[in-house]
Amino acid sequence: MSNKDIEYTTVIGVEGPLMIVDGIKDVAYNEVVKIRLADGEERTGQVLEAFEHKAIIQVFEGTRGLDTKLTSARFIGETMKLGVSKDMVGRIFDGTGNPLDDAPPIIPEERRDINGEPINPCAREYPREFIQTGISTIDGLNTLVRGQKLPIFSGAGLPHNELAAQIARQAKVLGKQEAFAVVFCAMGITNEEANLFIKDFENTGALERTVMFLNLADDPTIERIILPRMALTCAEYLAFDLNMQVLVILTDMTNYAEALREIAAAREEVPGRRGYPGYMYTDLASLYERAGRIKDKKGSITQIPMLTMPDDDITHPIPDLTGYITEGQIVLERGLNKKNIYPPIAVLPCLSRLMDRGIGEGRTRGDHAGVSNQLYAAYAEGNDLRDLVAIVGEDALSERDRKFLEFADAFEQRFVTQDNHEDRSIIQTLTIAWELLSILPPAELKKIDENYIRMYHPKLNSET
C-alpha cells in the first residue's frame, strides 16, 4: 500500500493554523495533505516540517472546527500544484486557485509546482525595454523596464490601491505589437478593496488581459503564503510558454510578511528583527527573483510589489529587505497626500536602478536621461529653498532662487499631479517636463545636452 492510500487518524495537536500528525511514514517537506473533518468536509494542507514519525502541517483553510479525535490526514505524495492554461486570462481566483467569478473551473493544460524553478543566472537576459505606465513620475523619472522588479513603498491610508489599479489598467509595451498580460495578486485586502479592483478592471476592460488572485482579510492567513506563488506560477506559464509580456503586481507584501511571522510564531521559532523570522530575506527573494527575462525566450516577467511601511518607517524589516533584493523603489509620501496631490510619489527618495538601460533613442527619446537628471536636481534645490524660506522669508531670496522655488511648486502641481484615469504617453510626460524647465534660465540647464535644449526648449523654439 502506498503512502497516498493511507489515511492517518493520529492527529495529536492543533496550534493556530498548524496541525500535528504522529505515526507517519515516508512523508516529505512541502508535500500536500488532504484533511478530512468529522462532518466530511475536506481541507488542504502542506507539510512544513517532517520528522521520523511526526509531521507539522499548515492548513490552508484554517483549523477552526477541527476535532483532533475525529480528523484524518492523507499525504498525497506531491507538492502544491496549480493548473495553468491560457484561459486563465480574464479570470478571478481565490487563495487556493479556485474560480471566484462564477465561471466554470479552468481545464488546465498542465499542473505546475507553485514554488517554480530557479532561473539559471547565466540564462538571464539583461532588462532593457521600456514599459509605459502612463504615470509621469514613474515613466519620466523612475522608468520601469521589462524584466525589472520595482517595488512601491506606501503607508496606511495612502492611495496605493488606486495606484496599483491605475498601473494595471494603463501599463503597456511600446513598439511592435506583443501579447501583454497583467497578473494581479492581492493579499489580505478588504471586501471593499476587492470590489474596487474588480469593478475598476471590469468597467475599463482591463480584466480582459488580467488574471486576478484575491485573498481577503477574513480568509485564512495561511493562504497569503501560497497566493503569490500561484500568481507567479501563472505568470511564468504566460511569459515563458505563451511568449507574453507579463506585469505582476503583488499587494500588499506587508500582509504576506505578517502571515509569515504568524506561522513562525505558531512553530515557536526563534524570532529575528521585530519578531519576523530570520529567513524572511530568503523567503522574499524566492518571490522577487522569479521576475526577469530568459535568453531565447520572447516573454518576460516584470514585478511591482507593493507594501505599506508600518509607521511609515522605511527602515522597517519589510521595506528594508525588499530594497536589498529589488532594483529600486517608488515611495509614496504622506505630506504630498495631504496637499491633495495624486499620486503622492516622493520623487527624491525614489530610484530605478535599471532606468538608464531602458530609455534613450529608440526606446523613449534621446533627451530623456538629461531631462530626468535636470528635473531631479532642480526639484531637490527647490525643496531645499523651501526650508530656507521657512527661516529667512521669501524676500531674502535672489531672483534665481525664486525661479527654483517657483519650479518646485509647478513641478508638484503639473508633473507629479495627474488624474487617476489620466494615461500620459512618454512624449506627453517629456513635453510637460520641458514646459516646467522653461521656468528656469537656460543657463541653469547644465545636465542636458545643448542640442536637445535647442530642439525641445519651448521658449527657444518659439524664438527661432
Side-chain angles (χ1 to χ4, degrees), residues 130-145 150 152 159 162-163 166-167 169-172 174 330-333 336-337 339-352 355-356 358-361 363-383 385-386 402-464:
F130 166 62
I131 291 180
Q132 182 174 288
T133 65
I135 298 167
S136 291
T137 38
I138 297 177
D139 295 346
L141 297 172
N142 303 283
T143 310
L144 181 65
V145 181
L150 184 64
I152 294 178
E162 290 85 346
L163 183 59
Q166 186 174 4
I167 292 172
R169 276 197 315 270
Q170 298 179 175
K172 58 181 72 72
L174 301 183
I330 306 292
V331 182
L332 303 192
E333 185 185 275
L336 290 175
N337 190 55
K339 293 181 183 179
N340 293 320
I341 290 175
Y342 174 88
I345 294 176
V347 169
L348 300 181
C350 293
L351 171 68
S352 173
M355 174 176 173
D356 289 346
I359 64 174
E361 204 65 55
R363 291 191 171 89
T364 54
R365 206 168 73 181
D367 60 324
H368 190 163
V371 167
S372 173
N373 291 336
Q374 191 67 64
L375 287 174
Y376 187 94
Y379 182 56
E381 186 164 349
N383 251 351
L385 287 167
R386 284 172 173 170
R402 290 172 192 265
K403 288 292 184 184
F404 276 92
L405 200 60
E406 179 188 349
F407 171 86
D409 292 336
F411 177 79
E412 288 180 357
Q413 293 302 321
R414 295 188 56 203
F415 192 87
V416 178
T417 302
Q418 63 184 92
D419 187 77
N420 65 354
H421 281 80
E422 183 181 359
D423 187 0
R424 294 177 183 169
S425 69
I426 185 60
I427 301 303
Q428 288 175 310
T429 290
L430 292 172
T431 299
I432 295 169
W434 276 107
E435 290 170 358
L436 292 170
L437 290 173
S438 68
I439 295 171
L440 305 175
E444 296 293 338
L445 306 182
K446 298 171 184 176
K447 297 184 178 294
I448 307 176
D449 187 282
E450 289 184 8
N451 292 326
Y452 292 130
I453 295 175
R454 286 194 293 269
M455 194 180 304
Y456 296 112
H457 195 292
K459 290 183 179 178
L460 297 182
N461 278 337
S462 62
E463 290 172 4
T464 56

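- Between Tyr379 and Phe411, the ring planes lie tilted relative to each other; the angle falls in the 30° to 60° range.
- Using a distance-only test at 3.5 Å, with no hydrogens or angles considered, no donor-acceptor pair links the side chain of His457 to the main chain of Trp434.
- At least one donor-acceptor pair under 3.5 Å links the side chain of Ser352 to the backbone N or O of Thr143.
- Each of Thr364, Thr133, Thr429 was evaluated against Asp139; a single residue qualifies, Thr133, per the side chain to side chain donor-acceptor pair (under 3.5 Å) test.
- For the pair Asn142 (side chain) and Thr137 (backbone), a donor-acceptor distance under 3.5 Å is present.
- When side chains are defined from C-beta on, Leu144 does not count as touching Ile167, because their heavy atoms never get closer than 4.5 Å.
- Under 4.0 Å is where a charged nitrogen must lie from a carboxylate oxygen, and between Arg386 and Glu412 at least one such pair does.
- Between Arg363 and Phe130, the shortest heavy-atom distance links the atoms O-CD2, 4.1 Å.
- Taking the side chain as every heavy atom from C-beta outward, Leu141 and Cys350 never approach each other to under 4.5 Å.
- Put simply, CD on Gln413 and CD1 on Ile341 are 5.0 Å apart, with the number rounded to the nearest 0.5 Å.
- Between the side chains of Ser136 and Arg424, at least one donor N or O sits under 3.5 Å from an acceptor N or O.
- A salt bridge links Arg414 with Glu435; the closest basic N to acidic carboxylate O contact falls under 4.0 Å.
- For the pair Tyr376 and Leu348, the tightest heavy-atom approach, listed with the atom from each and the gap, is OH-O, 2.8 Å.
- Partner of Asp423 under the side chain to side chain contact (heavy atoms under 4.5 Å, CB included) criterion, out of Gln170, Gln418, Gln166, Arg169: Gln170 alone.
- Around the NZ atom of Lys447, the shell of radius 6.0 Å holds no more than 12 heavy atoms that belong to other residues, nucleotides or ligands.
- Listed for the Gln132 side chain is no donor-acceptor partner under 3.5 Å among the backbone atoms of Leu174.
- Between the side chain of Gln428 and the main chain of Ser425, a donor-acceptor pair closer than 3.5 Å is present.
- Phe415 and Ala433 make their closest contact through CE1-CB, 4.0 Å (heavy atoms, listed as atom of the first residue, atom of the second, distance).
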